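Data first, discussion second: the structure below is written as C-alpha cells.
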Amino acid sequence: MIGLTVYKLALGPLLLAQGRSLRKTAIRLPEPTGARMGAAVPATGSTPSVCRLLVVGDSSAAGVGVATQADGLACLTAGALAARLGVTVEWRLAARSGVNTTEALAMLQSLPLEPADVIVTALGVNDVTSQQSRGAFLRSYAALWEHLKAATGARLAVVSGLPPFREFPSVPWPLRAYLGSYATYLESALAAWCETHPDLAFRPLDMETQAGDMASDGYHPGPRQYRVWAEAVATQIAGLMETSGRR
C-alpha cells in the first residue's frame, strides 16, 4: 500500500485528469437483453434433480459486453454446470452496472431473493474506481455473503477475482497501471479472506486476453471471455459440490 500511496501522490494530478477524461469519453454499453432467469438442461434431458444458481454483482455479472443474456456469465455458467453435474440448473441473475460491493449489498437487501444452492459473485471493479479502502471492501463483502446465506439458504459460493485493469485498452497509462495495482491490492485481500471460509472458493480472472477478445468499450469481457469465465466457474462449483457431498 505504501507504493500505491507514493504512486498516487507523485502522479495525483495526472491520474485525476485522466480519470475525468475517461468518464467523459468512455463508451457506455447497455446491459444485455433477455430474461434474467432460466433453466439449463443437460444433454440427457430434464432431470428430477435440480441445482439452483444465483449470480450477483456488477456490470460483468450482468453480462455487459454481449448482446443477450444467453451469452452472459449467468446463463453460460448454468449450461456448463448442467453438463458437468448432469442435472437441471435453474439460474437467476441479480446484478446492476456501476455498483461497488457496498451498493450491491444494498441492492440485494431490497430484492426478494429466491432459495439458491450455490452463488457466484462478480464484484470489485467499482470498488477500485471509487477507491474503496481494503477494510471497507472486505467488510462489505462479508456482510454481503452473510445476507445471501440468510436470504437464500446457499452454503457454497464462488467469488470471482477482479478484472485485469492493466489489459484494458480504454484506460490510459499511467492510470491503467495505478488501477491495476489497486485491483491487485484488493484482490489479494479478497483471496486471503476466502481462504478462511470453507464455504467460499476464490476464482481469479486469469483469462488469457487475445486480440479482439474484449467488448467494444475496451473495458468489459467479450463473448469468448465470458465463455472461458463460465467454464472455469462451473468446474469450480462442481468440485465444491463433490467435496462437500452436496451434489
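Quick caveat: nothing in here was measured; it's all calculated off a predicted structure. Start at 1 with the first residue, then count along the sequence.
Tyr141 and Thr121 share a donor-acceptor pair across their side chains, judged by distance under 3.5 Å alone. Inspection of the Ser160 and Trp229 side chains reveals an N or O donor paired with an N or O acceptor under 3.5 Å.
With hydrogens and angles disregarded, no donor-acceptor distance shorter than 3.5 Å links the side chain of Gln69 to the backbone of Cys75. Side chain of Ser140 to main chain of Phe137: no donor-acceptor pair is present (N/O by atom type, distance under 3.5 Å, no hydrogens or angles). Checked by atom type and distance alone, the side chain of Arg96 never pairs as donor or acceptor with a backbone atom of Glu103 at under 3.5 Å. At distances below 3.5 Å, not a single donor-acceptor pair connects side-chain atoms of Tyr182 with backbone N or O atoms of Ala177.
Annotation for Phe202 and Leu190: closest pair CE1-CD2, 4.0 Å, computed over non-hydrogen atoms. For the residue pair Thr88 and Pro42, the shortest heavy atom distance occurs at N-CD, 3.9 Å. Heavy atoms only, all atoms of each residue included: Ser60 and Asp58 are closest at OG-OD1, 2.9 Å. Pro169 approaches Gly218 most closely through the heavy-atom pair CD-O, 3.4 Å. Heavy atoms only, all atoms of each residue included: Val99 and Gly57 are closest at CG2-O, 3.8 Å. Glu167 approaches Arg176 most closely through the heavy-atom pair N-CD, 4.3 Å.
For the atom pair Glu114 CD and Met37 CE, the distance stands at 7.5 Å (nearest 0.5 Å). In this structure, Asp117 CG and Leu81 CG are separated by 10.0 Å, a value rounded to the nearest 0.5 Å. Distance check: Arg203 CZ to Ile237 CD1 gives 11.0 Å after rounding to the nearest 0.5 Å. Taking OH of Tyr185 as the start and OG of Ser133 as the end, the distance is 7.5 Å to the nearest 0.5 Å. Separation of atoms NE2 (His147) and OG1 (Thr152) is listed at 8.5 Å; rounding is to 0.5 Å. Here the straight-line distance linking atom OG of Ser59 with atom CG of Leu123 works out to 10.0 Å at 0.5 Å rounding.
Using a 4.0 Å cut-off between charged nitrogen and carboxylate oxygen, Asp199 and Lys149 count as a salt-bridge pair. Of the charged side-chain nitrogens involved, at least one lies within less than 4.0 Å of a carboxylate oxygen, so that Asp213 and Arg224 count as a salt-bridged pair. Residues Glu187 and Arg134 are not paired through a salt bridge, judged by the lack of any N-O separation under 4.0 Å between the basic side chain and the carboxylate.
Scored by the ring pair (Phe, Tyr, Trp, His ring centres under 6.0 Å) test, Phe168 finds Phe165, Tyr219 as partners (sequence neighbours excluded).
Asp127 pairs in a side chain to side chain donor-acceptor pair (under 3.5 Å) with only one of the listed residues (Asn100, Thr102, Thr101), which is Thr101.
At a threshold of 4.5 Å between side-chain heavy atoms, the hydrophobic network of Ile, Leu, Val, Met, Phe, Trp and Tyr places Val41 and Leu76 in two separate groups. The same ILVMFWY cluster, assembled from side-chain heavy atoms under 4.5 Å apart, contains both Met241 and Trp91.
For the pair Leu53/Thr77, a side-chain contact is recorded, criterion being any heavy-atom separation below 4.5 Å from C-beta on. In this structure, Val56 and Val120 have side chains that are not in contact, with every pair of non-hydrogen atoms separated by 4.5 Å or more. Asp71 has its side chain within reach of Thr68: a pair of non-hydrogen atoms, C-beta onward, lies under 4.5 Å apart. Contact annotation: the side chain of Leu108 approaches that of Leu113 to within less than 4.5 Å [non-hydrogen atoms, C-beta and beyond]. Proximity of Arg52 to Pro115: side-chain heavy atoms (C-beta onward) are separated by under 4.5 Å at one or more points. With contacts defined as side-chain heavy-atom distances shorter than 4.5 Å, the pair Val158/Leu240 qualifies.
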